[in-house]
Number of protein chains: 2
Amino acid sequence: MNCPACGFAESKVVDSRPVNDGASIRRRRECLQCQKRFTTFEIMESVQIFVIKKNGEKQLFDKSKLLVGVLKATQKRPVNAEEIVNQIEQELQNTLRHEITSGELGEMVMDILRERDEVAYVRFASVYREFNDIDTFMSELKSLKRRQSRKKAD
Amino acid sequence: MNCPACGFAESKVVDSRPVNDGASIRRRRECLQCQKRFTTFEIMESVQIFVIKKNGEKQLFDKSKLLVGVLKATQKRPVNAEEIVNQIEQELQNTLRHEITSGELGEMVMDILRERDEVAYVRFASVYREFNDIDTFMSELKSLKRRQSRKKAD
DNA sequence: GAGGTTGACACAAGATATTGTGTTTTTTCT
DNA sequence: AGAAAAAACACAATATCTTGTGTCAACCTC
């Protein structure tokens, strides 16, 4: 840790305390050359998550972008889109992955929507999976129905 | 240092290395509860960032000053100037640099604007890069168009 | 201006981190 | 794709940091 005053490379820790409820550690250091003291913070690496699109392009995970898609699917449905997006962000942080394909991201959204609101789910899926023809759409609806009846059987 | 995966408060250091020529320390930690590993950085307390102008003059990075420029470029455009300035400040903090040339700062703004709103981008660029003649302006617009058509190809 | 809160400072005993060396994996660059 | 750089991993011997307890000063808030 280079001293900000004289640039010397070595310093010793004089005090060290957790801060922010354990989110990081503040240390008070003293330069071994000039004896000046300074403060440092040890912080979690800011995990930036990249979304890998179908063409291989990487872009930073953009919460508001995802929100737009979810908002569309949940329009006039009793589902809180923001909550869903937050949940996803949370899950991404927790898995400590820095990359996810747009496909996987879509699956995550669908998994959550399927549980909460099936109309929103089908809307989202129809965009995400690009249901272009009646057949794929129908087969998705059928598998949805199967899931429903299985659930009722519980 | 709370584990980002399970939230447990205690972890041990598994590896620790100076990085950035001693500007900070990267540590690899392992959660004592779930054994997951994560990375932390120990960094100097909020260092002041200096902007080096073309004539060599240094001045403290001034957020509101930068905001003025971005506001002009984003006038009546669907872009949140403040958000952009915040993002830049964030990035400056994260890179742990204490100095940046005004040119690099301008490039950062342009990189962000190019992604968000191309009209704002061209406006900002025309001021920042001092497009004095039609030719440079045109060539910038052409490369912008190329980017657009590549994007549509996805 | 009394009271609460936060950062700096001190000290000491126990617990943990650092650093060289070397390999492997991942990421970045061309 | 292939090379180069950066990060993750391992290990071991040594040196340093952490944490409780307590004091003091600076800064808000009411």
Side-chain angles (χ1 to χ4, degrees), chain A residues 1-61 92-105, chain B residues 1-48 91 93-97 104 107-108 111-112 114-115 143 146-147 150:
Chain A
M1 216 79 220
N2 298 333
C3 169
C6 75
F8 193 64
E10 285 154 80
S11 60
K12 65 174 180 187
V13 174
V14 185
D15 198 7
S16 138
R17 306 284 156 183
V19 288
N20 275 143
D21 199 35
S24 36
I25 300 173
R26 180 181 50 244
R27 294 192 179 82
R28 194 78 184 134
R29 291 178 168 268
E30 185 177 304
C31 173
L32 295 184
Q33 180 162 85
C34 70
Q35 270 71 256
K36 287 237 168 52
R37 291 185 168 196
F38 54 95
T39 302
T40 65
F41 286 90
E42 181 174 347
I43 59 178
M44 197 65 67
E45 177 184 36
S46 49
V47 195
Q48 17 185 8
I49 299 154
F50 288 95
V51 179
I52 300 168
K53 301 181 68 176
K54 281 173 203 101
N55 58 20
E57 191 190 340
K58 277 187 192 181
Q59 43 187 221
L60 263 177
F61 169 67
L92 290 176
Q93 297 281 5
N94 285 346
T95 57
L96 301 177
R97 297 176 53 180
H98 346 210
E99 290 191 349
I100 186 169
T101 66
S102 54
E104 289 173 303
L105 190 57
Chain B
M1 216 79 220
N2 298 332
C3 170
C6 76
F8 194 64
E10 284 154 82
S11 59
K12 66 174 179 186
V13 174
V14 183
D15 197 7
S16 137
R17 307 283 156 184
V19 287
N20 275 139
D21 198 35
S24 37
I25 300 173
R26 181 184 49 246
R27 295 192 178 81
R28 194 81 184 131
R29 291 176 168 271
E30 184 178 305
C31 174
L32 295 185
Q33 181 164 82
C34 70
Q35 269 73 257
K36 288 237 170 53
R37 292 184 168 197
F38 53 96
T39 302
T40 65
F41 286 90
E42 181 173 348
I43 61 178
M44 199 66 66
E45 179 183 37
S46 62
V47 196
Q48 308 197 304
E91 285 184 29
Q93 299 280 5
N94 284 347
T95 57
L96 305 175
R97 298 178 52 180
E104 291 173 293
E107 291 296 332
M108 287 179 73
D111 285 346
I112 296 176
R114 193 186 296 122
E115 291 295 313
S143 86
R146 274 198 299 281
R147 272 193 291 276
R150 243 181 287 132

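Throughout, a chain's letter reflects where its sequence line sits, starting with A, and its residues are numbered from 1. As the structure is a computational prediction, the values presented were derived from the model and not from experiment.
Computed from coordinates, the Lys12(B) NZ to dC17(D) C1' distance equals 17 Å when rounded to whole Å. Separating the CG atom of Asp15(B) from the P atom of dA6(D) is a distance of 16 Å, rounded to the nearest angstrom. Look at NZ on Lys36(B): it is 17 Å from C1' on dA8(D), rounded to the nearest Å. Atom CZ of Phe41(A) and atom C1' of dA8(C) are 12 Å apart (whole Å). Distance CD (Glu42(B)) to C1' (dT19(C)): 16 Å, rounded to an integer number of Å. One can place CG of Leu32(A) at 8 Å from P of dC17(D), the figure rounded to the nearest angstrom. Atom pair Phe38(A):CZ and dG7(C):C1' shows a separation of 17 Å (rounding to whole Å applied). Between Glu30(A) atom CD and dA8(C) atom C1' there is a gap of 12 Å when expressed in whole angstrom units.
OP1 or OP2 of dG7(C) has at least one side-chain nitrogen or oxygen of Arg26(A) nearer than 4.0 Å. Dashed line: the shortest gap from a side-chain N or O of Arg27(A) to OP1 or OP2 of dT18(D) is under 4.0 Å. Between Thr39(A) and the phosphate of dG7(C), there is no side-chain N or O to OP1/OP2 separation shorter than 4.0 Å. Proximity of Arg37(B) to the phosphate of dC9(D): a side-chain N or O atom is located under 4.0 Å from OP1 or OP2.
Which of dT18(C), dA10(D), dT19(D) sits closest to the side chain of Arg17(B) comes down to dA10(D). In this structure, the nucleotide among dC17(D), dT18(D), dT19(C) sitting nearest to the side chain of Arg29(A) is dC17(D). The nucleotide whose nearest atom lies closest to any side-chain atom of Arg28(A) is, among dT18(D), dT19(C), dC9(C), dC9(C).
In this structure, Asn2(A) contributes its side chain and Asp21(B) its backbone to a donor-acceptor pair below 3.5 Å.
Separation of atoms SG (Cys3(B)) and CD (Gln35(B)) is listed at 10.0 Å; rounding is to 0.5 Å. Rounding to the nearest 0.5 angstrom, the gap separating the OG atom in Ser16(A) from the CZ atom in Arg28(A) is 13.0 Å. Between atom OG1 of residue Thr39(B) and atom CZ of residue Arg29(B) there is a gap of 11.0 Å, rounded to the nearest 0.5 Å. In this structure, Glu42(B) CD and Arg27(A) CZ are separated by 4.0 Å, a value rounded to the nearest 0.5 Å.
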